[in-house]
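So the structure is just underneath, and the comments pick up after that.
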There are 2 protein chains.
Amino acid sequence: MSAPAGRKTWQAVQAAVRARISRRDWKPGALIPHEAELAQEFGCSRGTVNRALRGLAEDGLLERRRRAGTRVALNPQRRAAFAIPLIRDEIEGKGQQFAARILTREMRRPPPDVQARLRVAGAAPILWLETLYTADGAPYVFEARWINTHAVPRALDADFTVISPNEWLVREVPFDSGDFTVSAMAADGRSAAVLGCAEGAGLLVLDRRTQHGAQIITSVRLVFHPGYRMHTRS
Amino acid sequence: MSAPAGRKTWQAVQAAVRARISRRDWKPGALIPHEAELAQEFGCSRGTVNRALRGLAEDGLLERRRRAGTRVALNPQRRAAFAIPLIRDEIEGKGQQFAARILTREMRRPPPDVQARLRVAGAAPILWLETLYTADGAPYVFEARWINTHAVPRALDADFTVISPNEWLVREVPFDSGDFTVSAMAADGRSAAVLGCAEGAGLLVLDRRTQHGAQIITSVRLVFHPGYRMHTRS
DNA sequence: GAGTGGTCTAGACCACGTT
DNA sequence: ACGTGGTCTAGACCACTCT
């Protein structure tokens with residue numbers, strides 16, 4: 001009995017249900033008892049059972065539908081949450097010395113694909129920044145960023161030598177959502193030179209777009225040093 | 001007024017709070033009113049407010065501590081959930097023809113790093129599989145998999161030509177958790193040959209380990225075709 | 001010590017989709 | 001139509017942590 005008799009917290013119920021699924025008492029695709037029944041079995045209220053099952057459903061372990069009941073998912077392990085920390089935190093968290101160096105800061109006409117990505121019309125110059133972040137002096141990640149200065153004119157006056165572009169934006173500019181893309185590239189001449197690696201090395205690339213309402217605030221590409229890994233458990 | 005007056009669902013409360021954060025009525029780092037106060041303001045019970053704020057805290061938008069109250073996070077956008085679909089679903093979802101071809105199936109002695117990764121002692125041979133998945137005949141992803149046949153002896157009898165290793169495992173073997181790592185590599189000779197790409201191309205690599213209790217069931221490496229992207233919105 | 005979030009309860013009504 | 005999950009309520013007690 002993996003459900004301690006005396007307890008009645010939603011975590012205990014969740015753990016018990018998880019165990020049954022894992023142990024295959026309830027097989028993938030099978031219907032499990034409804035909330036009221038489980039509540040009675042565990043000696044708690046239906047609200048507590050609901051809380052427990054809702055969490056499992058959000059994890060993709062259960063599938064719930066009104067009237068149809070709750071089933072064990074046929075294909076779990078469907079999502080993985082990656083932490084996207086501030087680069088500074090990531091480096092300092094390893095006990096290393098963080099530093100940022102602005103390589104380029106200029107107004108530049110965005111090429112057509114960037115115009116689309118930023119949803120800016122025409123090719124009026126906007127702010128373009130290249131920054132290298134280092135850990136104990138070693139290149140860690142190379143950041144190339146467009147800032148939509150039509151949406152954020154104040155960025156023109158910011159001093160990114162005292163605060164990194166990312167930290168400035170997070171602090172100063174409201175936003176509500178974003179999207180991420182992860183891909184890979186072979187190091188070209190410039191990346192290799194900046195990151196101090198061999199040309200042709202495999203590099204992990206994270207593209208990230210930040211928006212406020214319909215407006216895109218910034219679009220940034222992070223090219224990580226060779227060997228970098230993004231990790232998660234679920 | 002983004003909060004319709006008559007409603008009192010937790011989604012409405014959450015949307016209203018989200019709007020205030022986004023609009024910077026409540027600035028990053030600032031303390032927001034406590035639950036009872038918000039409940040009164042929104043004309044709902046504290047439970048409803050709790051539900052709304054809890055969700056925002058899970059998204060990393062708020063930071064909550066007992067007694068200390070609830071603050072707007074200084075650095076939101078901290079996690080991104082990537083969908084990890086079955087390869088078959090991903091390919092068929094694009095309307096393409098899915099196919100899997102087993103390239104290698106043999107018992108092999110795991111090298112020391114794999115022994116550690118699978119938590120198997122000694123170098124007794126275990127099952128090793130290489131599979132190429134194609135979309136409309138074009139190489140899509142190259143899978144290299146170790147199956148811990150000490151934990152899953154039945155895998156020895158499975159016919160992976162009629163069901164892919166992944167689908168067989170999901171269906172037949174209980175598991176409860178896993179971990180993922182994303183990285184990049186430059187295509188070596190073998191990868192290039194199998195994926196039909198140029199040597200040196202940048203390839204996205206997903207390593208994934210599946211466990212049941214303390215036992216590792218399988219460890220798999222997916223090497224995607226050049227240009228593959230993992231995408232998410234948050 | 002006291003204020004805040006975390007949780008449980010018992011009951012109620014509603015939304016939805018299966019039958 | 002009806003059974004299931006989804007949600008709201010009002011009240012209560014507890015856990016944590018700041019002062």
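Chain identifiers are assigned alphabetically (A, B, ...) following the order of the sequence lines, protein sequences preceding nucleic acid strands; residue numbering begins at 1 within each chain. Owing to the predicted nature of the structure, the values given are computational and were not obtained by experimental measurement.
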At under 4.0 Å, does any side-chain N or O of [X] touch on OP1 or OP2 of [N]?
X     : N     : answer
B:T70 : C:dT4 : no
B:R51 : D:dC8 : no
A:T48 : C:dT9 : yes
B:Q11 : D:dG6 : no

Checklist entry - If we fit an axis to the first five pairs and another to the last five of the helix from C:dG1-D:dC18 to C:dT18-D:dA1, what angle do they make, to the nearest 10°? => result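 Axis angle across the helix from C:dG1-D:dC18 to C:dT18-D:dA1, nearest 10°: 20°.
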
Could you tell me the separation between the [atom1] atom of [X] and the [atom2] atom of [N], rounded to a whole number of Å?
X     : N      : atom1 : atom2 : result
B:W10 : D:dG6  : CH2   : P     : 11 Å
A:H34 : D:dG3  : NE2   : P     : 10 Å
B:E35 : D:dC8  : CD    : C1'   : 15 Å
B:R71 : C:dG3  : CZ    : P     : 18 Å
B:N50 : D:dC14 : CG    : P     : 18 Å
A:Q40 : C:dA10 : CD    : P     : 12 Å
B:L62 : C:dT4  : CG    : P     : 16 Å
B:R64 : C:dT7  : CZ    : C1'   : 12 Å

Checklist entry - So B:L56 and B:Q14, side-chain contact (heavy atoms from CB on, under 4.5 Å) or not? Walk me through it. => result CA-CA 7 Å; B:L56 295 173; B:Q14 190 172 81; 3.6 Å; yes

Checklist outcome for this item: The contact string for nucleotides 11-19 of chain C, one letter per nucleotide 5' to 3', using protein heavy atoms under 4.0 Å with B, S and - for base, sugar-phosphate only and none, comes out as -B--BBBBS

Item to check | Atom CD of A:Q40: over 12 foreign heavy atoms under 6.0 Å | outcome: no

Item to check | Residue pair A:N166 / A:S164, side-chain donor-acceptor N/O under 3.5 Å | outcome: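 Checked: A:N166/A:S164 side chains show no N/O donor-acceptor pair below 3.5 Å.
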
My understanding is that only residues two or more places apart in sequence, or in another chain, count here; which of them pass salt bridge (charged side-chain N to carboxylate O under 4.0 Å, His left out) with [X]?
X     : result
A:E58 : none
B:R71 : none
A:R88 : A:E92, A:E167

Solution key, residues 132-142 of chain B side-chain donor-acceptor pairs under 3.5 Å, sequence neighbours excluded:
residue : atom : partner : partner atom : Å
B:Y133  : OH   : B:E143  : OE1          : 3.2
B:D136  : OD1  : B:Q97   : N            : 2.7
B:Y140  : OH   : B:E90   : OE2          : 2.5
B:Y140  : OH   : B:K94   : NZ           : 3.1

Checklist entry - Of all the choices, D:dT4, C:dG5, D:dT9, which nucleotide is nearest to the side chain of B:S45 once you look at every atom? => result D:dT9

Next on the checklist: Side chains of A:T218 and A:R208, heavy atoms from C-beta outward: is any pair under 4.5 Å?
Outcome noted: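 They are not in side-chain contact.
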
Next on the checklist: Does A:E63 reach a base, just sugar-phosphate, or nothing at all? Heavy atoms under 4.0 Å.
Outcome noted: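 Touches nothing.
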
Item to check | Whether A:Y228 and A:H225 hold their rings parallel, tilted or perpendicular, with breakpoints at 30° and 60° | outcome: perpendicular

